[in-house]
Amino acid sequence: QFGWSVDPESKAVKEGILPEEPDDVYKSYNELQLSQGFDLMPYYGKRVKCYSYDVLNHPSKSETVRGTILVYRGKVIAGDVASAALDGFMETLGDPVSRE
C-alpha cells in the first residue's frame with residue numbers, strides 16, 4: 001500500500017503495550033505520525049503489534065533500511081522507514097518514488 005518493496009524473510013513481529021502516558025520520545029514519534037495522517041494518542045495504553053521488514057527499494061541503497069508499522073486490531077496506526085546507522089534517519093512511510 002505504501003510503495004515499498006520488502007524482504008518477507010526479514011519479517012520481525014513484536015507485541016507490546018504502548019505506555020499510558022507518552023514520554024518525549026513517543027511525543028516526537030507521534031509528531032512524525034501526525035505528519036502522515038496517523039495519531040498514536042488514542043492508542044496509548046493499548047496492546048499493539050509491531051511488524052518490521054528490510055526495505056529493498058529505498059533510494060539510499062547504501063545501508064540496511066527497515067520499514068516498521070504498528071497495528072492495533074488489524075488497523076495500521078503508525079509507521080516509519082528508518083536506518084539504525086550512526087548517521088541514520090527516520091522518515092514517514094511516504095512513496096519511495098517521490099524521494100528519488
Side-chain angles (χ1 to χ4, degrees):
Q1 159 180 351
F2 298 105
W4 297 107
S5 294
V6 298
D7 176 3
E9 299 296 318
S10 68
K11 178 180 173 180
V13 182
K14 297 179 186 176
E15 189 169 332
I17 298 174
L18 293 176
E20 292 284 338
E21 293 293 325
D23 61 13
D24 288 343
V25 172
Y26 274 98
K27 287 177 183 175
S28 177
Y29 188 67
N30 198 43
E31 290 297 318
L32 179 74
Q33 300 313 310
L34 290 168
S35 76
Q36 62 183 344
F38 296 122
D39 185 1
L40 284 175
M41 290 303 292
Y43 304 101
Y44 288 117
K46 307 286 188 200
R47 180 174 297 279
V48 300
K49 286 189 178 181
C50 176
Y51 296 87
S52 62
Y53 302 84
D54 288 343
V55 173
L56 303 175
N57 64 333
H58 192 274
S60 68
K61 297 187 189 340
S62 62
E63 56 192 298
T64 301
V65 175
R66 298 285 287 176
T68 302
I69 57 172
L70 295 180
V71 177
Y72 178 73
R73 295 185 176 176
K75 176 184 175 187
V76 175
I77 61 167
D80 65 81
V81 176
S83 163
L86 188 57
D87 62 345
F89 57 84
M90 180 178 285
E91 55 196 25
T92 63
L93 293 170
D95 180 357
V97 175
S98 67
R99 299 166 202 254
E100 296 184 44

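Starting from 1, each residue takes its place in the sequence as its number.
With contacts defined as side-chain heavy-atom distances shorter than 4.5 Å, the pair Y26/Y44 qualifies. Under the 4.5 Å side-chain criterion, counting only non-hydrogen atoms from C-beta, V6 is not in contact with Y51. With a 4.5 Å cut-off on side-chain heavy atoms, V65 and S60 count as touching.
Listed by first and then second residue, the side-chain hydrogen bond (donor to acceptor under 3.5 Å, both in side chains) pairs that reach into residues 13-22 come to none, sequence neighbours excluded. Among residues at least two apart or in separate chains, there is no salt bridge (charged side-chain N to carboxylate O under 4.0 Å, His left out) pair with a member in residues 33-45.
Partners of F89 under the ring pair (Phe, Tyr, Trp, His ring centres under 6.0 Å) rule, at least two apart in sequence or in another chain, are H58. Residues satisfying the side chain to side chain donor-acceptor pair (under 3.5 Å) criterion with S52, sequence neighbours excluded, are R66. In terms of the side-chain contact (heavy atoms from CB on, under 4.5 Å) criterion, residue partners of D7 (sequence neighbours excluded) are, by chain and number, E9, S10, D54, L56.
Of the inter-residue distances, the one linking L34 atom CG with T92 atom OG1 reads 12.5 Å to the nearest 0.5 angstrom. Here the CE-CD distance, from M41 to Q33, works out to 13.5 Å after rounding to the nearest 0.5 Å. Remark: Y72 OH to L18 CG distance equals 10.0 Å, nearest 0.5 Å.
A chain of hydrophobic side-chain contacts below 4.5 Å, direct or via other Ile, Leu, Val, Met, Phe, Trp or Tyr residues, connects V81 to Y53. Under the 4.5 Å side-chain contact rule for hydrophobic residues, V13 and I69 share a cluster.
Nearest approach of S5 to N57, heavy atoms of both residues: N-OD1, 2.9 Å.
In this structure, the side chain of S35 engages the main chain of L32 through a donor-acceptor pair within 3.5 Å.
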Below 3.5 Å, can you tabulate the donor-acceptor pairs from side chains in residues 73-80 to any protein atom, sequence neighbours excluded?
{"unit_1": "K75", "atom_1": "NZ", "unit_2": "Y43", "atom_2": "OH", "d": "3.3"}
{"unit_1": "D80", "atom_1": "OD2", "unit_2": "Y29", "atom_2": "OH", "d": "2.6"}

